[in-house]
Amino acid sequence: MISRIEKTFKVLKKRGKNAFIPYIMAGDPSLEGTKDVVLLFEECGADIVEIGVPFTDPLADGPTIQMASERALKAGITLKKVISFVKDLRQSTQIPLVLMTYYNPVFKYGEEKFVRDAKDAGVDGVIIPDLPPDEAKSLISSSRKISLNVIFLLAPTSTPDRIKKVAKASRGFIYYVSVTGITGSTLLLDGSMETLISETRKYTDKPIAVGFGVSTPDEASAISKVSDGVIVGSAIVKRLNEFPDGLKKYIISLREAIK
Amino acid sequence: MSKQRVIAETGAGQHGVAAATGAALVGLECEIYMGTEDMKRQALNVFRMRLLGAKVTEVPLGSRTLKDAINEALRDWTTNVRTTHYVLGTVFGPHPFPVMVRDFQSIIGKEAKKQILDVEGRLPDYLIACVGGGSNAIGLFHAFLKQGIKMIGVEAGGKGIETGKHAARFAGGSIGVFQGCKSYLLQDDNGNVLGTHSVSAGLDYASIGPEHPYLRDKGIIQYTYATDDEALAAFELLSKIEGITPALESAHALAEVMKIAPKLSKEEIIVVNLSGRGDKDVQHVARIKGIEL
């Protein structure tokens, strides 16, 4: 069975276009607000939406998403609530949805139950930055049975062996982390991304989406020249929190830049 | 590795001082991450680290203690991995840190074994050590694992398990995956990590090195806890009767000695690990007692 994510990339490839993948932290500051933003993303032409699950110790995240996570936790948001939020959201949209969560909430929830409940609710993929494929055998096997895509990450420091392993394990797309660092870091466009992406393409024809540190339309445009998708997180979360009125205009400017 | 910079996290400040000393000796740039709360209660060690030329960076996030300092050090390492080595201070984190740190710390047990054989001509009956992340305990125990000696790890009971204000992972936690390894963790039903409390910064941590649950399951090491008050009483007792001021962390191990020693015969030998000195805690203890220095 082909997932909504895989289908989206297939259609985009035919049209020679890049996916625009915006991120939002669920429940920052409320789930009602998150629903409006997801629908706004769709209205502005997003192809896939990444939904963050708050966690007390978000190791891969910079200050912007750490603070969003704290606000969401304060609002009482848990993995369980995010899953039922997706179920509710599915009444209003069929856009592919990817959860970004740390591993311990999934472990505590129970891997098999998580995979089943997430899929039933309408989740299409999951990104777990602190779970490398080496440790994900059971999650991979239970998620593949029902085509829930587990998306793994590559970094600028990934070795050829690691690239092969991640390319093989990842489903839906491969998440290329554009910087050595945390979400919201400053992007460095020095050509190393092109090298690693073309290296990765030797082993796989799966789509490659780039995230961490993408904040301006110019950066998004530059990245879309070498990738299949562009993920924007911290910059959106920051705007939503600081100048929510300018969010729509900003999302449209990103969409127009990603071709 | 040709790396020019080292980073470390610290709770009590002991590991931070050690890392800063090593870096100063060989001329490496050194940055130490420390929670705001710990910087306050271990001010002496903050001063020592800075004196040694290290940059001490305050971590005002989360519970502002050891776990948050580790998060921040891991974030730094992810960012600067090409130029920086992370000197993790306990038997925790992603593999191979737990075994690497254990092997370095095992010098404690090797020396203790040699010394007790020199002095007493036999191995001890008990080994007791406090357990935060668990490096001083593993360091002492490791050389004795196959000898059938009773070994006790003492966690921080804080204000008591029933209050929820403690860092006793075995008494109050469950299995989780945190900061790169699977072990006992103080967490809620949703897998979020709970805040901890201990009078001692070095034991104030939500998880425990993964080799500890392994050795506990095999029945080789037993675990218990001592409360803040018991540790403070032991801190004062050792100062008074031996003229040795122990670290508040180590005072937890001493509190266990105070509990079991009266029940043993005079012939039995207990080795207790005084893993740190208490100079760093004097101001903090005075503050707790309402004395201004």
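Below, chain A is the first sequence line, B the second, and so on; all start at residue 1. Side-chain atoms are counted along with the backbone in the values below, which use heavy atoms only and exclude waters and symmetry mates.
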Just wondering, more than 12 heavy atoms not from A/Glu112 lying within 6.0 Å of its CD?
-> no
Determine, step by step, whether A/Asp130 and B/Phe178 satisfy the side chain to side chain contact (heavy atoms under 4.5 Å, CB included) criterion, reporting the C-alpha distance in whole Å, the side-chain angles of both residues, the deciding distance to 0.1 Å, and the verdict.
-> CA-CA 9 Å; A/Asp130 60 344; B/Phe178 183 56; over 6 Å; no
Spatial distance of atom NE2 (B/His95) from atom CG (A/Asp134) [nearest 0.5 Å] = 11.5 Å
Can a salt bridge be assigned to the pair B/Asp189 and A/Lys108 using a cut-off of 4.0 Å between side-chain N and carboxylate O?
-> no
Can you see which heavy atom on B/Val177 is nearest to which on A/Asn104, and at what distance?
-> N-OD1, 2.8 Å
Against chain A, label B/Ser63 side chain, backbone, both or neither, depending on which of its atoms sit under 4.5 Å from a heavy atom there.
-> neither
Atom CD of A/Glu111 with >12 non-hydrogen neighbours under 6.0 angstrom = yes
If you count the non-hydrogen atoms of other residues, nucleotides and ligands that lie under 6.0 Å from NZ in B/Lys3, is the total more than 12?
-> yes
In terms of heavy-atom contacts, does OH of B/Tyr225 have more than 12 from other residues, nucleotides or ligands at under 6.0 Å?
-> no
Could you check if a side-chain atom of B/Asn192 sits within less than 4.5 angstrom of a side-chain atom of A/Leu73, using non-hydrogen atoms only?
-> yes
CZ (A/Phe55) and CG (B/Asn190) are apart, to the nearest 0.5 Å, by 11.0 Å
Within-4.5 Å side-chain heavy-atom neighbours: A/Thr180 and B/Asn80 | no
Heavy-atom distances under 4.5 Å only: say whether A/Pro156 touches chain B with side chain, backbone, both or neither.
-> both
Report yes if some heavy atom in the side chain of A/Pro58 is under 4.5 Å from a heavy atom in the side chain of B/Arg75; otherwise report no.
-> yes
Side-chain touch B/Asp68/A/Asp57, heavy atoms, less than 4.5 angstrom = yes
Quick one: are A/Pro105 and B/Gln187 in side-chain contact, heavy atoms under 4.5 Å?
-> no
Max heavy-atom pair count under 4.5 Å with chain B, selected residue of A/Leu79, A/Thr157, A/Val106 = A/Thr157
Please flag which part of B/Val81 lies under 4.5 Å from any non-hydrogen atom of chain A: side chain, backbone, both or neither.
-> side chain
Taking C-beta and beyond as the side chain, do B/Ile175 and A/Phe107 meet within less than 4.5 Å on heavy atoms?
-> yes
Any chance you could measure B/Leu74, atom CG, to A/Ile182, atom CD1, to the nearest 0.5 Å?
-> 11.0 Å
Check B/Gly62 against A/Glu70 and note the closest heavy-atom contact, atom names and distance.
-> N-OE2, 4.1 Å
